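It should be emphasised that the depicted structure is a prediction, and the values quoted were computed from it without experimental measurement. Numbering of ligands and ligand atoms starts at 1, following listing order.
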Amino acid sequence: MSVIDLNNFTIADAKEALHGKKMSARELVGMYTSQIKKENKKLNAYLEVFEDAEDQAKETDERMARGDEPRALEGIPFAIKDNMLIEGKRTSAASKILEPYVASYDAHVIQKLRDAGAVFLGRTNMDEFAMGSSTENSAFGPTKNPYDTSRVPGGSSGGSAVAVASGMALAGLGSDTGGSIRQPASFCGVVGLKPTYGAVSRSGLIAMASSLDQIGPLAQCVDDTRAVFEVIRGEDKKDATTVSYAEKRPAQKLVIGIPKEYGLEDDIMDADVKDAWMQARKTLEQEGYETKEVTLPYTSYALPLYYIIMPAEVSSNLARFDGIRYGLSHNGKDLLEVYEKSRSRGFGDEARRRILLGTYILSAGYYDAYYAKAQKVRARFIKDFERVFKEVDALLTPTVPSPAFPFGEKLGDPVKMYASDIFTVSANLAGIPALSVPFGKGERDGVSLPLGVQLMAPWFHESTLFDAGRILEKYRE
Ligand code: GLN
């Protein structure tokens, strides 16, 4: 067998090799585990590599030998963000407070992947409890960007993005509360999808902010992203917000909106990011799409809304980590001291900052001023999108205002870090699907770094994202 370039190897290629018996599933997994052995020490994408990966692949080989019909993701090796439960494996959410925790059941998405024949290579690094934009908030050290190891891979799903970008997994799962799939996808030159809220079950996902969280794929190309999404989506009785997924698609030729408030007229992104965005617009026009400028006047409320609603939900979701029920526990003279010691030693700085902020926002007297008001503004914010999607079928924006930034650049200034989510949080607030596709390059300190553009579509119109994304990715350089 000739040497395979893992950076250009897709799920379709792997299927062809496996189905055509040119390669066994164990050989396929072996290619990835040897790449992990070579690269993971340097990049820290995986927190744990599963020893049973090749055993999982054995089942595929046996099925193929018997001549069984291959399942949708038969033998495909996956990297899983460490906030999704895999039965019998540790799941830490990259936090000290959950370090000893072993999952007692499979998350719904894991069960779905398992049923489709996927192989789990390991669990990947992330910002603690998915809070961050750089993976620097992990309790187990940062993940490095494979294009330049002095730069962040983005976050919070930095581990899964790097695993895919550096040939340490064929595909990955991430979670996206305000951009955590799309932003690292953009920084690492891979494709990332945040599905419609309710399209994918959150059962078995360690909750960050429940009205915003969605699980989605990170992959080498748009078609791979779609292949994973088709497997993981759908109704789940254990998550009442899920629905049975019915694909929607506009009947006529697509019209793409360019929202003015995303920096069309002001200086809120790097010049090469803006060039890439405009080039992507031109590319879609050349391919027969109509584009038009549109307005989303509530955009300026996106970050303030997100940074009120998200910490409120975080503070409530993280209350369950008390030193009694899960993971780390410190002794104390009474119950209160057990709580205090376990929580103060278990949570890192960013988790504590958000718990404090959220507790304040939800406290008597402030609830109405902040949380209730934010919910009202969120309803109006969503109306903005309902209106604009009467005019256009999708929106095109940059994914992040810059390429990957150097370690430490924003760590000391949380507000600066939060600002890197400016283009991504809106899709979570509105619950709409959004896709980041690699498009263009930006040079920093002599290194050529990937850039990305984002497409957003109406609820359940993922297929529109895939159609337009497939065109853009042809011009990814
Ligand atoms: N960067 C955002 C934050 O820090 C988004 C995180 C996420 O999507 N999980 O909250």
Side-chain angles (χ1 to χ4, degrees), residues 80-84 93-95 124-138 142-143 152-161 172-188 192-195 197 200 202 205-218 302-315 317-318 347-358 361 374 399-402 404-405 409-436 452 454 456:
I80 305 294
K81 186 176 183 178
D82 193 25
N83 59 353
M84 290 169 226
S95 178
T124 54
N125 201 12
M126 55 185 281
D127 287 295
E128 183 177 8
F129 286 103
M131 299 183 219
S133 311
S134 66
T135 319
E136 287 165 294
N137 295 331
S138 166
T143 298
V152 305
S156 62
S157 313
S160 287
L173 286 188
S175 64
D176 190 312
T177 305
S180 278
I181 291 174
R182 291 160 286 157
Q183 191 250 22
S186 175
F187 281 8
C188 295
L193 170 73
K194 197 264 328 158
Y197 186 78
V200 178
R202 291 173 291 110
L205 168 72
I206 295 175
M208 176 181 160
S210 307
S211 77
L212 302 158
D213 297 342
Q214 267 298 278
I215 293 172
L218 289 134
L303 274 181
L305 272 180
Y306 177 76
Y307 279 94
I308 290 173
I309 292 167
M310 176 275 296
E313 295 184 12
V314 160
S315 74
N317 275 326
L318 268 52
F347 287 127
D349 287 349
E350 186 61 27
R352 285 200 271 178
R353 178 164 22 245
R354 296 192 194 197
I355 292 169
L356 285 171
L357 204 59
I361 287 165
T399 308
V400 200
S402 73
F405 46 85
E409 189 183 273
K410 302 183 200 288
L411 201 56
D413 184 348
V415 175
K416 228 168 146 189
M417 186 76 91
Y418 300 164
S420 77
D421 305 329
I422 188 161
F423 301 137
T424 47
V425 294
S426 293
N428 302 77
L429 288 164
I432 55 173
L435 181 79
S436 179
Q454 171 177 247
M456 293 185 270

Can you find a heavy atom in the side chain of Q183 that is under 4.5 Å from one in the side chain of S420? yes
With E313 via side chain to side chain donor-acceptor pair (under 3.5 Å) - residues at least two apart: S211
Of the options S175, S160, S180, which is the one that meets K81 in a side-chain hydrogen bond (donor to acceptor under 3.5 Å, both in side chains)? S175
Ion pair present between R352 and D349, side-chain N to carboxylate O less than 4.0 angstrom? yes
Quick check: do D127 and M417 have side-chain heavy atoms less than 4.5 Å from each other? no
Who are the residue neighbours of ligand 1 when the rule is a heavy atom under 4.0 Å from any of its atoms? A130, M131, G132, S133, S156, D176, T177, G178, G179, S180, M208, Y306, Y307, R354, D421
How about F347 and F129: do any of their side-chain heavy atoms sit closer than 4.5 Å? yes
